[in-house]
There are 2 protein chains.
Amino acid sequence: MSRSPSSRREDIRAAALELFARSGYEATTMADIGAAVGMRGPSLYKHFASKQELLAEIMTGTMTDLVALHRGAVATTTDPAERLRRAAEAHVRYHARHRLEAFVGNREIRSLVQPHRERVLALRAEYEAGFRDLVKAGITAGRFHVASPRLASYAILDLGMGVSAWFRDDGESTEDGVVWQYGEFALRIAGADGIAGY
Amino acid sequence: MSRSPSSRREDIRAAALELFARSGYEATTMADIGAAVGMRGPSLYKHFASKQELLAEIMTGTMTDLVALHRGAVATTTDPAERLRRAAEAHVRYHARHRLEAFVGNREIRSLVQPHRERVLALRAEYEAGFRDLVKAGITAGRFHVASPRLASYAILDLGMGVSAWFRDDGESTEDGVVWQYGEFALRIAGADGIAGY
DNA sequence: GTCTTTGGCTAATGGTCATTAGCCAAGGAG
DNA sequence: CTCCTTGGCTAATGACCATTAGCCAAAGAC
């Protein structure tokens, strides 16, 4: 039974994502992607304009989702510590749950060409500014204690990115366990009141 | 004036490193590397056996240096917090000071072929185990308070890796400032006694 | 039943790339 | 001075790759 065009396109996108994560964009060929969905490489061009369009769609989608999740996470509270915890948890949960998207989103920016690249970089800058603003607001409120809000926000962001590289929901770590623990780490990094390990 | 063979080889290695960091191993050509050192691509083969050898040398060297620096950092004290701080500081300083090596070392493992790849992965596993052991030792001594030593050690490692991606010694952050702050973050993540932001 | 559209095929296009082969100028050794 | 080695050159080898062109079977529309 043939697949609908939009589900076929989604299959191709999923196959490309898996191969880009495993081998890298440059080392993945259209023939590889085609083989993964049961067609020849040149047939992909009936569904996608180019190999670059595949990468652009994956990376833009990832960054758009992260920004939206961040906004949603911090929207319903004004407490600085709660906002940071929720933002960090959303960040880590996304990296655990969509680890291939997060991994490719982090790793393949060098292969993304204009204008997609600057669009993704702009979204990334917005996202990073969101974390920095959260840390600064906490310091201003007297709730966080850290010498450098800039370094703290970078550190918190990097924690999530690391998760996409190693996390497997294999029992040793559950998604919820990692999300909770990393939310805690974010508050520790920020030096939030009442967070000190016990 | 011609350069000595070993300094020529070092120039090629440095050029390759810079290009691998900027564009990625796969997207960098031998012609690119040759142009950077003032010769044609095929001439590189008088100094290196292959493009892969260049990558392997960079990545193995980086991992070997990190393991050695770690050993040195923890060798002269037995206090758990001091050991973790020193290990984290060595880790971050390396990533700040050798950010291209660290960046390529983190990002290009997918392009490294056997047997180099398993050698680098083994060194990486040893290095990661070193951090995990430090965190566990601190918990055993009652000095650290963290639910998951495994997650804490991953988090600490990821902090340094992030540094290689964004750090510039540009005044806004100095190497010493970042090293100190990140050493502090490592202790906070581990929930070290006496570290709570103020 | 006929015409149109869709989507997968193969062959081809235009180009790229790692690496080897062989040449030769320059420098060093004896 | 002669011979050998080194290191950079160009041309070539063998293979690969993104993408396009054109064909055609199958399915859908009327």
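Naming: A, B, ... by sequence-line order, numbering from 1 per chain.
One finds no side-chain N or O of K46(B) lying less than 4.0 angstrom from the OP1 or OP2 phosphate oxygen of dG8(D). Residue R8(A) places none of its side-chain N or O atoms closer than 4.0 Å to OP1 or OP2 of dG7(C). Distances shorter than 4.0 Å separate some side-chain N or O of H47(A) from OP1 or OP2 on dG8(C).
For the pair Y45(A) OH and dT10(C) P, the computed distance is 16 Å after rounding to whole Å. Between the OH atom of Y25(B) and the P atom of dA18(C) there is a distance of 8 Å, given to the nearest Å. Atoms CE (M30(A)) and C1' (dT10(C)) sit 17 Å apart, rounded to a whole Å. Rounded to an integer number of Å, the gap from CG of L44(A) to C1' of dG8(C) is 10 Å. Between I33(A) atom CD1 and dG8(C) atom P the separation is 15 Å, expressed in whole Å. Taking atom CZ on R40(B) and atom C1' on dT10(D), their separation rounds to 8 Å, with Å as the unit. To the nearest angstrom, C1' of dT20(D) lies 19 Å from CZ of F48(A).
With no hydrogens or angles considered, no side-chain donor-acceptor pair links D65(B) and H98(B) at under 3.5 Å. Side chain to side chain, E82(A) and T77(A) fail the donor-acceptor criterion of an N or O pair below 3.5 Å. With hydrogens and angles left out, the side-chain atoms of T29(A) and D32(A) include a donor and acceptor closer than 3.5 Å.
For P42(A), counting side-chain heavy atoms from C-beta on, the closest listed nucleotide (dA18(C), dT19(D), dA18(D)) is dT19(D). You'll find that the side chain of T29(B) is closest to dC17(C), out of dT10(D), dC17(C), dT19(D). Listed nucleotides dT20(C), dC9(D), dT19(D) differ in distance to S43(B); the shortest reach to its side chain belongs to dC9(D).
Note on E26(A) versus R110(A): no salt bridge recorded, every NZ/NE/NH1/NH2 to OD/OE distance being 4.0 Å or above.
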